[in-house]
Participant: 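One structure, as structure tokens, below. Some questions next.
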Amino acid sequence: MILVKNLTKKFGKFTAIDDVNLSFQNGHSIALIGPNGCGKTTLIKCILGLNVVENGDIFVDEKSVKDDYLYRRNIGYMPQIGRYPENMTIGHTIQMIKDTRKLSEEHLDTELLEDFELEKMYDKKMGNLSGGTTQKVSAVLAFMFDPKIIILDEPTAGLDPLASEILKKKIIKEKNKGKLIIITSHLLSELDDIVSEIIFMNEGKILVHQSVEDLLHQTNSEKISESIVTILKEMKK
């Protein structure tokens, strides 16, 4: 689980995260949504240790991220735009990460690698890949080392419909194993079948944190996108 306590993150005079308190529980897939500049990316980077946590704290499995960087071994991360050495092939890139992580082959999760049929493209250079294929590589690496926590930043962006469905099924499968999945997305229609909680941010604050079931019931909606629109209209009144 992840516990965010009184987290504030500023860049100069700009407050990206404003005294946020959150709890992410294992066994849930959680959508982190909101307009551009709302603080989603900053929050994710704080959890990943890419932004220094100064005011407040974040605990991963009850350990402060300030105390031990090794907590990141238990997190799989799929960036919105994966950046890899352009002259390396897909095969060499995956092998390089394997060598870095030093996890035995029998403990690797290669399900997405097989479902995406990436092994057939192992000799293609990363710099020559389409955006969708690069996304597939990022997804494979996020799940490969069987992490307890998986963070996916706009995971279906650039993926074709078949690849999107493969990834969605994988997300549900891993969530059902008791893992924590955090997903950021602008495509709310993509979330209906795969998330159990919604966190809506704006201007560095948490405006909504509810189960999907409660949110749909409260707004008398059938879809997440409809419920968020309803809430935004109420806020403007």
Participant: How about CD on E119, more than 12 heavy atoms from neighbouring residues, nucleotides or ligands closer than 6.0 Å, or not?
Facilitator: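 Atom CD in E119 is crowded, with more than 12 foreign heavy atoms closer than 6.0 Å.
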Participant: Indicate if L215 and L32 have the same hydrophobic cluster label, given that clusters are the connected sets of ILVMFWY residues with side-chain heavy-atom separations under 4.5 angstrom.
Facilitator: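 L215 does not cluster with L32.
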Participant: Is the charged tip of K9 near the ring of F11: under 6.0 Å from the six-membered ring centre and within 45° of its axis?
Facilitator: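 Output yes; distance and angle both within limits.
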Participant: For a side chain to side chain donor-acceptor pair (under 3.5 Å) check, start with the C-alpha distance between T156 and E154, then their side-chain angles and the critical distance, and finish with the verdict.
Facilitator: CA-CA 6 Å; T156 60; E154 299 287 345; over 6 Å; no
Participant: Using the side-chain hydrogen bond (donor to acceptor under 3.5 Å, both in side chains) rule, pick out the option among D146, N74, N26 that qualifies with K179.
Facilitator: D146
Participant: Considering residues, nucleotides and ligands other than N220, do more than 12 of their heavy atoms fall under 6.0 Å from its CG?
Facilitator: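 No, the 6.0 Å shell around CG holds no more than 12 heavy atoms from other groups.
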Participant: I47 and I198: same hydrophobic cluster, using ILVMFWY side-chain contacts below 4.5 Å?
Facilitator: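 Different clusters.
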Participant: Around atom NZ of K66, are there more than 12 heavy atoms of other residues, nucleotides or ligands at under 6.0 Å?
Facilitator: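 Result for NZ/K66: enclosed.
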Participant: Are K120 and E117 close enough for a salt bridge, meaning some N to O gap below 4.0 Å?
Facilitator: yes
Participant: Once side chain to side chain contact (heavy atoms under 4.5 Å, CB included) is applied, do any residues pair with T8, and if so which ones, sequence neighbours excluded?
Facilitator: K10, T15, D19, N55
Participant: May I ask you to check whether T184 and D153 show a side-chain donor-acceptor distance below 3.5 Å?
Facilitator: yes
Participant: Got a second to check how far K223's NZ is from E226's CD, nearest 0.5 Å?
Facilitator: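 Between atom NZ of K223 and atom CD of E226 there are 6.0 Å.
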Participant: Just checking, K63 and Y71: is the charged tip under 6.0 Å from the six-membered ring centre and within 45° of the axis?
Facilitator: no
Participant: Which atom pair, heavy atoms only, marks the closest approach of S104 to H107?
Facilitator: OG-ND1, 2.6 Å
Participant: So, S221 side chain and L216 main chain: donor-acceptor pair closer than 3.5 Å or not?
Facilitator: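 Judged by distance alone, no pair lies under 3.5 Å.
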Participant: Would you call K170-E111 a salt bridge at under 4.0 Å N-O?
Facilitator: yes
Participant: Between D61 and K148, is any pair of side-chain heavy atoms under 4.5 Å apart?
Facilitator: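 When only atoms from C-beta onward are counted, K148 and D61 do touch, with a gap below 4.5 Å.
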Participant: In this structure, are over 12 heavy atoms from other groups packed under 6.0 Å from E62 atom CD?
Facilitator: no
Participant: Counting C-beta onward and ignoring hydrogens, is there a side-chain heavy-atom pair between I94 and M144 closer than 4.5 Å?
Facilitator: yes
Participant: State, to 0.1 Å, how close V65 and D57 come at their nearest heavy-atom pair, and which atoms those are.
Facilitator: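 It is N-OD1, 4.2 Å.
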Participant: For the CZ atom on R101, are there more than 12 heavy atoms of other groups (residues, nucleotides or ligands in this structure) within a distance under 6.0 Å?
Facilitator: yes
Participant: Counting heavy atoms not belonging to K98, are there more than 12 under 6.0 Å from its NZ?
Facilitator: yes
Participant: Using the side chain to side chain contact (heavy atoms under 4.5 Å, CB included) rule, take V4 and I2 through it: C-alpha gap first, then chi angles, then the decisive distance, then the call.
Facilitator: CA-CA 7 Å; V4 180; I2 298 174; 4.3 Å; yes
Participant: For H92, look at atom NE2 and say whether over 12 heavy atoms of other residues, nucleotides or ligands are found less than 6.0 Å away.
Facilitator: no
Participant: By side chain to side chain contact (heavy atoms under 4.5 Å, CB included), which residues pair with P85, not counting sequence neighbours?
Facilitator: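 In terms of side chain to side chain contact (heavy atoms under 4.5 Å, CB included), with neighbours along the sequence ignored, P85 is linked to M88.
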Participant: Salt bridge or not for K169 and D193, using N-O below 4.0 Å?
Facilitator: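 Salt bridge flag = no for D193 with K169.
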Participant: Can you tell me how far apart CD1 (I90) and NZ (K136) are? Round to the nearest 0.5 Å.
Facilitator: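 Between I90 CD1 and K136 NZ, I get 9.5 Å after rounding to 0.5 Å.
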Participant: If we ignore angles and hydrogens, is there a donor and acceptor under 3.5 Å between the side chains of S138 and Y84?
Facilitator: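 On atom types as modelled, these side chains qualify, holding a pair under 3.5 Å.
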Participant: Between atom CE of M201 and atom SG of C38, what is the distance when rounded to the nearest 0.5 Å?
Facilitator: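 Output value for this atom pair is 5.5 Å.
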Participant: When you look at D214 and Q218, which way does the side chain to side chain contact (heavy atoms under 4.5 Å, CB included) test go after all the steps?
Facilitator: CA-CA 6 Å; D214 288 346; Q218 175 187 322; 6.0 Å; no
Participant: Mind listing the closest non-hydrogen atom pair of L3 and S23 along with its distance?
Facilitator: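 Where L3 meets S23 most closely, the heavy atoms are CD1-CB, 4.1 Å.
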Participant: Can you tell which of I182, L48, L152 makes a side-chain contact (heavy atoms from CB on, under 4.5 Å) with Y77?
Facilitator: L48
Participant: Starting from L167, can I reach L108 by hopping between I/L/V/M/F/W/Y residues whose side chains sit under 4.5 Å apart?
Facilitator: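 Yes, L108 and L167 fall within the same hydrophobic cluster.
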Participant: What verdict does the side chain to side chain contact (heavy atoms under 4.5 Å, CB included) test give for V195 and I224, after you've listed the backbone C-alpha separation in whole Å, the side-chain angles of each residue and the deciding distance to 0.1 Å?
Facilitator: CA-CA 10 Å; V195 300; I224 292 172; 3.6 Å; yes
Participant: Between K205 and D18 (salt bridge meaning N to carboxylate O under 4.0 Å), is one present in this structure?
Facilitator: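 The answer is yes: the pair qualifies as a salt bridge.
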Participant: Given the rule in the side chain to side chain donor-acceptor pair (under 3.5 Å) test, do T133 and S130 qualify, once you have shown the distances and angles that lead to the verdict?
Facilitator: CA-CA 5 Å; T133 304; S130 66; 3.1 Å; yes
Participant: Is I194 reachable from L162 through a run of I, L, V, M, F, W or Y residues, each pair having side-chain heavy atoms under 4.5 Å apart?
Facilitator: yes
Participant: Would you list the pairs meeting salt bridge (charged side-chain N to carboxylate O under 4.0 Å, His left out) in which at least one residue belongs to residues 36-46, sequence neighbours left out?
Facilitator: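 Counting only pairs at least two positions apart or across chains, no salt bridge (charged side-chain N to carboxylate O under 4.0 Å, His left out) contact touches residues 36-46.
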Participant: Would you say I30 and I44 are hydrophobically clustered, going by side-chain heavy atoms of ILVMFWY under 4.5 Å?
Facilitator: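 Hydrophobic grouping puts I30 with I44.
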Participant: So N176 and I172, side chain to side chain contact (heavy atoms under 4.5 Å, CB included) or not? Walk me through it.
Facilitator: CA-CA 6 Å; N176 290 339; I172 294 169; 3.6 Å; yes
Participant: With rounding to the nearest 0.5 angstrom, report the CD1 to CD1 distance, I228 to I33.
Facilitator: 4.0 Å
